[in-house]
Amino acid sequence: MPSASPLPIPLIATAAGPLKGRVRVPGDKSISHRALMLGALAIGETTIEGLLEGEDVLATAAAMRAFGASVARTDAGRWRVRGVGVGGFLEPEDTIDYGNSGTGARLAMGLVGSQAITATFTGDASLRSRPMGRILDPLRRMGVQVLARSKDRLPLTLKGPDITLPIEYRVPVPSARVKSAVLLAGLNTPGVTTIIEPTPTRDHTERLLQAFGAAIEIDRGEDGERIVRLEGRRDLRAQQVAIPGDPSSAAFLIVAALLIAGSELTIEAVLLNPMRTGLIETLIEMGGDIEIGNRRTLGGEAVGDIHVRASRLKGVIVPSERAPSMIDEYPALAIAAAFAEGVTVMEGIGELRLKESDRLAALAAGLGANGVAVEEGPESLAVTGGAARIGGAGVATRLDHRIGISFLVLGLAGHAPVTIDDAGPIDSHFPEFQALMNGLGAHFERAEPAAA
Ligand code: S3P
């Protein structure tokens with residue numbers, strides 16, 4: 001649970017024995033945000049099972065309430081949402097604080113942009129430092145007025161027009177959040193909003209829109225681009241949504257089990273949408289013993305049980321085309337690469353500089369401090385694995401839970417303990433992490449808060 005202490009609490013990872021057991025990871029974050037949002041617009045009562053109850057998603061639940069939907073938790077991971085109907089959002093009485101949640105804030109801007117209301121968004125220091133231009137540009141073309149700080153950063157205010165204009169938008173960078181924000185704005189826009197994706201990205205928004213009964217069509221263009229057309233101003237129907245386990249959370253368990261001798265883990269009911277499985281593909285190429293069983297469909301998405309055994313890994317070149325299917329998993333991969341034989345080269349990953357922290361810089365700094373040879377390029381990272389002594393240094397979490405967790409995994413698999421300076425972001429995003437890992441045989445301990 002989030003700490004009540006105002007001081008950051010460091011977390012120490014010490015070399016662990018084998019990780020063993022069968023576990024589930026919390027629900028997928030991308031789908032959790034989207035399920036609450038579409039539930040808030042649908043007519044009737046949506047029930048959600050397996051919702052991720054981290055602070056990011058709770059911020060979306062609070063935002064949907066502020067826009068007039070009724071959102072209630074009925075049991076662990078089970079939520080009920082009564083929507084207001086497409087176009088029915090109320091003007092919130094206060095600023096919407098999205099905390100650390102880049103996904104929640106960006107998608108909500110799409111939702112709000114096409115409503116004739118005014119809403120102001122803010123967030124924590126990390127979110128306020130991140131430029132929002134790539135979301136705001138298409139919204140401006142749809143007629144949304146934006147008043148933002150320099151470089152389109154939060155806090156910012158959106159005022160939707162009475163009638164938004166449908167646009168055809170070629171997404172300039174592979175980004176599911178940009179695509180989704182435009183599609184969500186398209187829901188309350190008369191006519192057809194069209195998205196052209198030269199490089200496909202995760203398609204959870206499209207799948208959920210289909211399930212909620214939106215008028216959406218997906219085609220392939222002549223050059224292989226993905227074309228999504230959405231006819232707006234149509235009712236959405238409430239649904240029962242079941243959310244599979246988050247592959248981006250499972251990633252850390254998979255890497256830890258591969259690296260710690262004698263480990264054998266099964267992670268059940270993990271989302272296996274092909275746009276999310278790039279890390280598994282890469283780890284198998286590196287020699288990882290990973291098998292997927294019990295493949296099935298849950299909530300309109302492919303899922304399976306991932307069985308992983310400790311393995312000797314070798315370095316590989318990860319092509320830039322794979323980046324969209326593992327964009328959040330490079331921190332975990334960089335830790336696997338630190339223990340692999342040879343060099344792992346990750347190309348075309350400049351987008352990592354725009355996440356909760358500049359992840360390329362954070363990974364290079366943390367790996368270097370812990371004895372791993374690493375080369376940071378403007379859009380690439382090359383990690384040489386197998387150093388004689390890995391670990392022993394402190395790492396700055398940088399308000400980024402994926403950076404914090406990655407270096408904890410390095411500490412578990414390494415030769416000397418690793419301390420991250422702030423457990424807070426992990427507590428907010430993946431509250432079960434420490435207990436879940438310690439239950440499997442990991443060794444994490446909280447230290448005294450650092451003096452101010
Ligand atoms: C997300 C898309 C990705 C990913 C983020 C979640 C989503 O971001 O990194 O964690 O839910 O659509 P971009 O769309 O900015 O690439």
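Whatever order the structure lists ligands and atoms in, that order sets their numbers, starting from 1.
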Less than 4.5 Å apart, any side-chain heavy atom of E329 and any of T282?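 No; the side chains remain at least 4.5 Å from each other.
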Test item: T47 and V241 side chains (from C-beta on) under 4.5 Å apart, heavy atoms: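 No - every pair of side-chain heavy atoms lies 4.5 Å or more apart.
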Any N/O pair [X]/ligand 1 closer than 3.5 Å:
X: V178; value: no
X: S180; value: no
X: R134; value: no
X: R402; value: no

For K355, is the nearest heavy atom under 4.0 Å from an atom of ligand 1?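 The answer is yes, since K355 has a heavy atom less than 4.0 Å from ligand 1.
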Quick check on K179 - does any of its heavy atoms sit under 4.0 Å from an atom of ligand 1?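 It does not, in that no heavy atom of K179 comes within the 4.0 Å cut-off of ligand 1.
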What's the separation between atom CD1 in I306 and atom CG in L272, rounded to the nearest 0.5 Å?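 Interatomic distance, I306 CD1 to L272 CG, rounded to 0.5 Å: 5.5 Å.
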Can R353 and E379 be counted as an ion pair, charged N to O under 4.0 angstrom?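 Salt bridge absent between R353 and E379.
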Taking NZ, NE, NH1 and NH2 as the nitrogens, is one of them in R398 or D421 under 4.0 Å from a carboxylate oxygen of the other?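 D421 and R398: not salt-bridged.
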Have a look at ligand 1 and work out which part of H33, if any, has a heavy atom under 4.0 Å from it: side chain, backbone, both or neither.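 For H33, no heavy atom sits under 4.0 Å from ligand 1.
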Protein heavy atom at shortest distance from [atom]:
atom: atom 1 (C) of ligand 1; result: R177 CG, 3.5 Å
atom: atom 12 (O) of ligand 1; result: R34 NH2, 2.6 Å
atom: atom 6 (C) of ligand 1; result: T103 OG1, 3.4 Å

Just go through P324, S175, S30, S101 and tell me whose heavy atom is the nearest to atom 13 (P) of ligand 1.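 Ranked by closest heavy atom to atom 13 (P) of ligand 1, first place is S175.
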Selection from I31, L352, D328 by shortest heavy-atom distance to atom 9 (O) of ligand 1: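 Minimum heavy-atom distance to atom 9 (O) of ligand 1 goes to D328.
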Using the ring centroid of each side chain, check whether F430 and F252 are separated by less than 6.0 Å.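 Ring centres of F252 and F430 not closer than 6.0 Å.
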Has [X] got a side-chain atom pairing as donor or acceptor with [Y]'s backbone, closer than 3.5 angstrom?
X: T419; Y: G394; answer: no
X: N294; Y: D305; answer: no
X: S126; Y: E356; answer: yes

Using a 4.0 Å cut-off to any heavy atom of A176, which atoms of ligand 1 qualify?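 Reading through ligand 1 atom by atom, the close ones are 12 (O), 14 (O).
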